[in-house]
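Given the structure is predicted, the values throughout are model-derived calculations rather than measurements.
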Amino acid sequence: QVQLVESGGGLVQVGGSLRLSCAAAGSIFSLITMGWYRQAPGNQRELVALITSGGNTRYADIVKGRFTISRDSANNTVYLQMNSLKAEDTAIYFCNADLVVAPGTYQETYWGQGTQVTVSS
């Protein structure tokens, strides 16, 4: 069983910064990608950023230049540094991981429980 444990959400003013963390715990053979998605009220869940096992990154256009994703592979942890936050960044942020739990098994997708980020103007 794999769990993704998120932390770091909260309330911040426009222009401020927050850092989200997500640790993957459990039986993990190979972590392929880790990333962050977000969902605002009335909207669909959308990709914010992801990072591969090789360190390649991908960002949503609306966060490029403001958010940075990084990864501590030794500890199966991914971080999202969010700077210059805007009111429209307010959402629940979900950690995501694509991984293999054991040799010879299929790739699976796991989600964290979500952490609220609120940016006030």
Exercise for the section: Enter the distance from E6:CD to N96:CG here, rounded to the nearest 0.5 Å. Expected result: 10.0 Å
Practice task
Please examine the side chains of I62 and E88, heavy atoms only from C-beta on, and report whether any two atoms are closer than 4.5 Å.
Solution key: no
Exercise for the section: Report whether L18 and W36 are members of the same hydrophobic cluster (ILVMFWY, side-chain heavy atoms less than 4.5 Å apart, transitive linking). Expected result: yes
Handout entry: side chain to side chain contact (heavy atoms under 4.5 Å, CB included) between Y79 and D72, intermediate numbers included
Key = CA-CA 8 Å; Y79 304 96; D72 178 355; 4.1 Å; yes
Handout entry: K86 bridged to D89 by N-O distance under 4.0 Å
Key = no
Exercise for the section: Classify the angle between the aromatic ring planes of Y93 and F67 as parallel (below 30°), tilted (30 to 60°) or perpendicular (above 60°). Expected result: tilted
Handout entry: Verdict with reasoning, S30 to Q107, per side chain to side chain contact (heavy atoms under 4.5 Å, CB included)
Key = CA-CA 9 Å; S30 176; Q107 178 177 317; over 6 Å; no
Fill in the blank from the handout: Taken to the nearest 0.5 Å, the spacing of L80 CG from M34 CE works out to 12.0 Å
Exercise for the section: Go through the steps for Q116 and L11 under the test side chain to side chain contact (heavy atoms under 4.5 Å, CB included), then give the verdict. Expected result: CA-CA 8 Å; Q116 178 70 47; L11 174 65; over 6 Å; no
Practice task
To the nearest 0.5 angstrom, please state how far the CZ atom of R66 sits from the CG atom of L85.
Solution key: 6.5 Å
Exercise for the section: Could you check if a side-chain atom of V117 sits within less than 4.5 angstrom of a side-chain atom of L20, using non-hydrogen atoms only? Expected result: yes
Practice task
Is it possible for you to say whether Y37 and L4 belong to one hydrophobic cluster, with membership spreading through side-chain heavy-atom contacts below 4.5 Å?
Solution key: no
Practice task
Could you tell me the separation between the CG atom of L31 and the CG atom of N76, rounded to the nearest 0.5 Å?
Solution key: 4.5 Å
Practice task
Tell me, yes or no, whether the heavy-atom count around Q3 atom CD, taken from other residues, nucleotides or ligands under 6.0 Å, exceeds 12.
Solution key: no
Handout entry: Enclosure of Q44 CD (heavy-atom neighbours >12, cutoff 6.0 Å)
Key = no
Practice task
Using modelled atom types only, decide if a donor and an acceptor are shared between the side chain of R19 and the backbone of G8 within a distance under 3.5 Å.
Solution key: no
Fill in the blank from the handout: Rounded to the nearest 0.5 angstrom, the CD1-CD1 distance for I32 and I51 is 14.5 Å
Handout entry: L99 side, atom CG; T33 side, atom OG1 - distance, nearest 0.5 Å
Key = 8.5 Å
Exercise for the section: Using a 4.5 Å cut-off on heavy atoms from C-beta on, say whether the side chain of F29 contacts that of V101. Expected result: no
Exercise for the section: Mind running side chain to side chain contact (heavy atoms under 4.5 Å, CB included) on W111 and C95 for me, showing each step along the way? Expected result: CA-CA 6 Å; W111 292 92; C95 180; over 6 Å; no
Exercise for the section: Indicate whether any N or O donor in one side chain lies under 3.5 Å from an N or O acceptor in the other, for Y110 and E108. Expected result: yes
